Amino acid sequence: MNFEEAKKKMSDIGQEHVFRFWGELSETQRSALLKQIEHTDFSVLSKASEGSANARGVFAPLAVMQRSEITAREQELYNAGVKAIKAGKTAALLLAGGMGTRLGSDNPKGMYNIGITKPVYIFERIISNLLDVVNETGTWIRLFVMTSEKNHDATVKFLKEHDYFGYKEDKIVFFRQNMAPACDYSGKLYMEAKDRISASPNGNAGWYSSMVRAGLDKMLADEGIEWIDIFAVDNVLQRICDPCFVGATVLADVSVGAKVVRKAAPDEKVGVMCLEDGRPSIVEYYELSEEMMNAKDKNGDPAYNYGVILNYLFRVSELSGVADDKMPLHVVKKKIPYIDENGNEVKPAEPNGYKFEQLVLDMIHQLSSCLPYEVIREKEFAPIKNATGIDSVESARELLKKNGVDL
Ligand code: UTP
């Protein structure tokens with residue numbers, strides 16, 4: 001894209017100010033800015049207003065495979081899972097493109113050291129959990145790692161320096177997720193540098209389209225990968241591609257398996273697995289009506305009682321039917337560092353604008369069927385979102401210790 005074309009693209013949407021520093025830029029900087037303008041989808045800016053316009057359908061409960069059933073069928077589920085894993089049909093995908101702003105570290109979240117007497121990194125814990133399955137089944141599982149352009153180099157360098165914490169290098173594939181522009185409350189783009197419009201990762205639902213953009217759908221097909229376990233970087237206890245979960249999802253013959261935990265209280269702040277207009281979906285805690293909170297299933301148990309933990313096993317053949325443009329765009333107020341009109345850097349202490357994200361949970365709603373699979377919270381759910389307090393380094397350390405992990 002040349003300067004004239006870029007200028008037209010930006011003036012058509014009232015954003016010519018992105019060229020304010022053009023006169024001061026080197027040739028390399030100019031071409032970087034032109035390239036960014038060419039590759040960025042600015043249509044999200046038209047949604048720049050508070051909250052996401054997300055009209056919901058009719059909710060109904062969705063039956064969960066509970067621990068009692070899992071225990072009763074353990075051998076059968078385990079065998080089916082091991083069979084799929086040994087046949088190379090299962091891959092894992094680490095969602096590591098997030099900014100981890102709540103944790104407040106400048107490094108990628110996976111680099112955070114949660115050790116007490118020795119270094120124990122988040123990435124290390126995650127890989128160790130996956131290695132358990134590799135060792136148990138005698139099979140290397142393909143591991144995809146999604147980064148963003150903000151943390152890609154640091155992530156790759158760190159993992160290489162630590163010898164991938166024992167994982168086989170040629171079994172790991174990194175790819176970058178797409179970015180979305182960020183703007184102030186009136187929809188005006190922020191600049192993060194004189195040659196760069198502020199942009200942030202476009203949400204964790206970006207994983208499949210970003211994989212396709214990187215040509216990795218071909219790798220899935222070539223390697224005969226039929227199932228892919230998507231998981232968050234910050235849950236240091238979760239099992240990944242564990243045979244019983246894989247086996248249960250394969251045998252249930254569904255589009256996706258979803259790990260869920262029993263809610264700690266009816267009003268706990270977690271997204272709850274359910275049906276929406278007959279399709280699997282997740283209802284946010286603030287969308288749960290009083291009536292839904294008190295509803296009971298046929299056994300007399302609460303009908304909306306299982307929260308998602310961002311660990312899903314997707315059937316690969318159904319992913320091509322998932323369209324980004326059918327997913328709602330979440331418009332989120334965030335702190336966005338920027339440079340002002342004089343080129344001075346500003347690091348806001350409070351949210352100062354909008355970022356645009358699409359979320360994995362909205363992918364689920366595009367699929368036809370889902371098996372919610374109950375895992376024990378104390379054994380599989382230790383998210384690290386904050387430094388202290390709820391879902392923090394502190395709370396995760398306690399849970400790790402309870403599970404016998406040496407810190
Ligand atoms: P969170 O929603 O907790 O976001 O991500 P975050 O960016 O890590 O943290 P905050 O909100 O800024 O504090 C849940 C998972 O989704 C990944 C994260 O890396 C984490 O594993 N994620 C999130 C992406 O991979 N890309 C994104 O654009 C957003």
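Note that the structure is a prediction, hence the values are computed from the model and not measured. In each ligand, atom 1 is the first atom listed, and ligand 1 is the first ligand listed.
Taking 4.0 Å as the cut-off, Lys385 counts as a neighbour of ligand 1 on heavy-atom distance.
At a 3.5 angstrom cut-off on N or O pairs, Glu357 does not count as close to ligand 1. Close N/O approach between Met99 and ligand 1 is found [any backbone or side-chain N/O within under 3.5 Å]. The N/O atoms of Gly203, backbone and side chain alike, include one that comes under 3.5 Å of an N/O atom in ligand 1. Residue Gly97 places at least one N or O, backbone or side chain, under 3.5 Å from an N or O of ligand 1. Looking at ligand 1, you won't find any N or O of Phe231 less than 3.5 Å from one of its N or O atoms.
Two rings, from His330 and Phe356, have their centers 6.0 Å or more apart. Centroid-to-centroid, the aromatic rings of Phe123 and Tyr164 stay 6.0 Å apart or farther. Between Tyr312 and Trp227, the distance from one ring center to the other does not fall under 6.0 angstrom. Ring centers of Trp207 and Phe144: at least 6.0 Å apart, outside the cut-off.
Summary of contacts: the protein heavy atom closest to atom 12 (O) of ligand 1 is Thr101 OG1, 2.5 Å. Looking only at protein heavy atoms, the nearest one to atom 6 (P) of ligand 1 is Gly100 N, 3.5 Å. Among protein heavy atoms, the minimum distance from atom 24 (C) of ligand 1 is reached at Gly98 N, 3.2 Å. Counting only heavy atoms of the protein, atom 26 (N) of ligand 1 lies nearest to Gln177 OE1, 2.6 Å. The single protein non-hydrogen atom nearest to atom 11 (O) of ligand 1 is Arg102 NH2, 3.0 Å, given as residue, atom name and distance.
Ring orientation note: the planes of Phe19 and Phe3 are nearly perpendicular, at an angle over 60° on the 30°/60° scale.
Contacts with ligand 1 closer than 4.0 Å are made by side-chain heavy atoms of Lys334 only, the backbone lying farther away. With a 4.0 Å cut-off on non-hydrogen atoms, Leu310 touches ligand 1 through its side chain and not its backbone. At a heavy-atom cutoff of 4.0 Å, ligand 1 is contacted by the side chain of Lys109 but not by its backbone.
Residues Leu237 and Lys379 are not in side-chain contact: their nearest non-hydrogen atoms beyond the backbone lie 4.5 Å or more apart. The closest side-chain heavy-atom distance from Asp234 to Lys385 is below 4.5 Å.
His39 and Asn178 form no side-chain donor-acceptor contact under 3.5 Å, judged by distance and modelled atom types alone. Defined by atom type and a distance below 3.5 Å, a donor-acceptor pair is present between the side-chain atoms of Ser43 and Asp41. Donor-acceptor pairing under 3.5 Å is lacking for the side chains of Ser210 and Gln177.
With distances taken over non-hydrogen atoms, the option nearest atom 20 (C) of ligand 1 out of Asn178, Ile126, Leu95, Asp391 is Leu95.
Phe245 carries Lys259 over the face of its six-membered ring, with the cationic atom under 6.0 Å from the centre and within 45° of the normal.
The contact set between ligand 1 and Asn204, taken as ligand atoms under 4.0 Å from a residue heavy atom, comprises 14 (C), 15 (C), 16 (O), 22 (N), 23 (C), 24 (C), 26 (N), 27 (C), 28 (O), 29 (C). Heavy-atom proximity to Met146, at under 4.0 Å, picks out these atoms of ligand 1: 25 (O). Numbered from 1 in the order shown, with element, the atoms of ligand 1 that lie under 4.0 Å from a heavy atom of Ala232 read 15 (C), 21 (O).
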